[in-house]
Amino acid sequence: IVLNRLLSSINNQVGYDFSKAEILICSSDGKENSFDASLYDKIQPRIKFISMQRDYSGPGQSKQIGLDNARGKYIFFWDCDDSLYAIDTLYKIMNKVHTLNGSSWDIMLFDYIDEVYGKVYYQLYDTYHINGWVQWSHLYQTEFLRSHNLYFKPDIKINEDIYFHSSCILAGARFLTLPILVYAHCMMADSTGNNTVYTPQRLEDNFKVAGDLMNRFNSINPLISRS
C-alpha cells in the first residue's frame, strides 16, 4: 500500500518519455508480489524488482544496491512512502536537465514539501538542506558518483544520507538549485528517521559517520592530515 503511493505518482506523470527511464525497486522482504505492477500501465515495462538479502541493514543498503544496478545518466533516490508533487514534475525536471546539458552541475536540488508539518523547504534559500542530508529532491549525475567512488555505507543504519551527502561535498560536487516544487515527503510513524530518541544505534552510527567522513577528508587532503 505504501509503495503504491509513490508508484501511482510516477505513473500519473504527463509529458515525460518513460522509454528512457528505469525504476528500480529494492526490497528486503523478497516479495515481488507486494504490489501489482499491472496497475501502472505507463511504467510497468520500466520496473525492475531487486530482492535484497534478509539481513537488511537499513535504507543505505537499498540505495547502494539501486546505485550499483542503475544504468541511467541521472539518478534519484526516492522513499517508498513519498510521492512526486505534481503530474508534470518529471517533465519540468528533465526539461531543465536537457537545457543545461549537465555541463554546470553534479547535483541538482529542487524544493520539496513536508506533508506532516505542511512546510515547504526552498532549497535556494534554505542552506541547511543544501548542506544537510535530504536526498529525496536531489538529482545526481551517476557518472559523478561513480568517478568519485561515492557510496552508501551498509554498516550505517541511521543517518546514512548524512554520510553520503557530506561525501559529495568533500568530493567537490557542483550544486545547482532550481525553484521547482517536485517532491512530497511523508514520514511514516514507524520510520527510522522519525525516531528522535538517541538510541545506542543512533549514537553508534553518528560516531561512524563522523569517523568515516574524517577518514575521507584526510584521504583527499593528505597535506592537511599530516599537519
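Every value quoted in this text rests on a predicted model; they were computed, and no experiment measured them.
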Inter-residue atom distance His165.NE2 - Ile107.CD1, 0.5 Å rounding: 6.0 Å
Inter-residue atom distance Ile10.CD1 - Tyr16.OH, 0.5 Å rounding: 10.0 Å
Rounded distance (nearest 0.5 Å) linking atom CG of Leu84 with atom CG of Leu90: 5.5 Å
Gap separating the CD atom of Gln135 from the CG atom of Asp79, nearest 0.5 angstrom: 8.5 Å
Worked check of side-chain contact (heavy atoms from CB on, under 4.5 Å) between Met108 and Leu100: CA-CA 11 Å; Met108 192 177 289; Leu100 295 168; 3.8 Å; yes
Note, Leu178 side chain near Leu109 side chain (heavy atom, < 4.5 Å): no
Partner set under side chain to side chain donor-acceptor pair (under 3.5 Å) for Ser38, not counting sequence neighbours: Asp36
Distance-minimising heavy-atom pair for Ile180 and Lys96: CD1-CG, 4.0 Å
Residues in side-chain contact (heavy atoms from CB on, under 4.5 Å) contact with Asp88, at least two apart in sequence or another chain: Val14, Ala86, Lys92
Distance (rounded to the nearest 0.5 Å) between Cys168 SG and Phe144 CZ: 5.5 Å
Any side-chain heavy-atom pair of Lys63 and Cys26 under 4.5 Å: no
Set of side chain to side chain donor-acceptor pair (under 3.5 Å) partners for Gln64, sequence neighbours left out: Asp68
Heavy-atom closest pair, residues Arg46 and Ala21: NE-O, 2.6 Å
Residue pairs fulfilling salt bridge (Lys or Arg N to Asp or Glu O under 4.0 Å) with at least one residue in residues 8-27, sequence neighbours excluded: Glu22-Arg71
Asn11 side chain to Lys42 backbone, donor-acceptor under 3.5 Å: yes
Where Val182 and Ser137 come nearest, the two heavy atoms and their spacing: CG2-CB, 4.2 Å
Aromatic ring proximity, centroids under 6.0 angstrom, Phe110 and Tyr112: no
Interatomic distance, Ile23 atom CD1 to Ile25 atom CD1 [nearest 0.5 angstrom]: 7.0 Å
Within 6.0 Å of OH in Tyr85, more than 12 heavy atoms from elsewhere: no
Minimum-distance pair of heavy atoms, taken over all atoms of Trp105 and Leu139: CZ3-O, 3.5 Å
Chi angles and distances behind the side-chain contact (heavy atoms from CB on, under 4.5 Å) call for Asp82, Cys186: CA-CA 5 Å; Asp82 296 339; Cys186 181; 4.2 Å; yes
Ser83 versus Leu6, closest heavy-atom pair with distance: CA-CD1, 4.1 Å
Any donor-acceptor N or O pair under 3.5 Å, side chains His185, Asp114: no
Nearest atoms (heavy-atom pairs only) where Thr142 meets Gly72: OG1-O, 3.0 Å
Residue list, ring pair (Phe, Tyr, Trp, His ring centres under 6.0 Å) with Phe77, at least two apart or on another chain: Tyr140, Phe152, Phe164
Any side-chain heavy-atom pair of Leu39 and Gln44 under 4.5 Å: no
For Tyr40, all residues meeting ring pair (Phe, Tyr, Trp, His ring centres under 6.0 Å), sequence neighbours excluded: none
Student check: side-chain heavy atoms of Gln13 and Phe18 closer than 4.5 Å: yes
Set of side-chain contact (heavy atoms from CB on, under 4.5 Å) partners for Glu143, sequence neighbours left out: Ser147
Tyr163 backbone acceptor or donor facing Ser166 side chain under 3.5 Å: no
Results of side-chain contact (heavy atoms from CB on, under 4.5 Å) for Asn69 - residues two or more places apart only: Leu24, Lys48, Ile50, Ile65
Student check: side-chain heavy atoms of His138 and Phe76 closer than 4.5 Å: no
Enclosure of Tyr91 OH (heavy-atom neighbours >12, cutoff 6.0 Å): no
